[in-house]
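Just so it is clear, the values below take in all heavy atoms, side chains as well, and ignore hydrogens, waters and symmetry mates.
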Amino acid sequence: MKLRLTVLIFAAMVFGFFITPLCQAHTPLCSCYDNGDGTVTCEGGFSDGSSAAGVQMRVEDGAGKVLIQGKMDDDSEFTFDKPAGDYKVQFYAGEGHEITVDGKEITE
């Protein structure tokens, strides 16, 4: 019985060792910059090199009202007209794959 428990614990550890990198290998990445012409471009992707094409994007004002909705294009980019006042950009590729960029952090 003790040998069986030891084997079970060892198997669980081995499984955890191999599954952990898979869980961490798909971290979302998103950065935004001011184009200097009244527009902002956000570029996205994933840490494993995956494209962010089709990822949902949303721009909200300071009160949380949705101003702009769209998706990353085939080049994993999303360009929008820069809102007046406070705003934030949300990259949403599903639960656990979300990034919010405060408009104050977006510079040329």
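- Between the side chain of D61 and the backbone N or O of A63, at least one donor-acceptor pair lies under 3.5 Å.
- In the hydrophobic clustering of ILVMFWY residues, with side-chain heavy atoms under 4.5 Å counting as a link, V59 and Y92 come out apart.
- For the atom pair CD of E77 and CE of M72, the computed distance is 8.5 Å after rounding to the nearest 0.5 Å.
- Within 6.0 Å of CG in D37 there are more than 12 heavy atoms belonging to other residues, nucleotides or ligands.
- Note: K88 NZ to R58 CZ = 8.5 Å, rounded to the nearest 0.5 Å.
- Taking CD of Q56 as the reference point, atom CZ of F91 lies at 10.5 Å (rounded to 0.5 Å).
- Contact record, C30 with I99: N-CD1, 3.5 Å, taken as the closest heavy-atom pair.
- To the nearest 0.5 Å, atom OG1 of residue T107 and atom CD of residue E105 are 9.5 Å apart.
- Scanning both residues, T39 and D34, for their nearest heavy atoms gives O-OD1, 3.6 Å.
- When all heavy atoms of S76 and A52 are compared, the closest pair comes out as OG-N, 2.8 Å.
- Side-chain atoms of H26 do not come within 3.5 Å of backbone N or O of S50 as any donor-acceptor pair.
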Walk me through it: do V55 and F78 pass the test side-chain contact (heavy atoms from CB on, under 4.5 Å)? CA-CA 9 Å; V55 168; F78 177 70; over 6 Å; no

Kindly determine whether L67 and F80 satisfy side-chain contact (heavy atoms from CB on, under 4.5 Å), including the steps that lead there. CA-CA 10 Å; L67 302 173; F80 59 93; over 6 Å; no

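- Between H97 atom NE2 and T27 atom OG1 the span is 7.0 Å, to the nearest 0.5 Å.
- Atom-to-atom distance recorded for M57:CE and Q69:CD is 11.5 Å, nearest 0.5 angstrom.
- Under the 4.5 Å side-chain contact rule for hydrophobic residues, V89 and I68 share a cluster.
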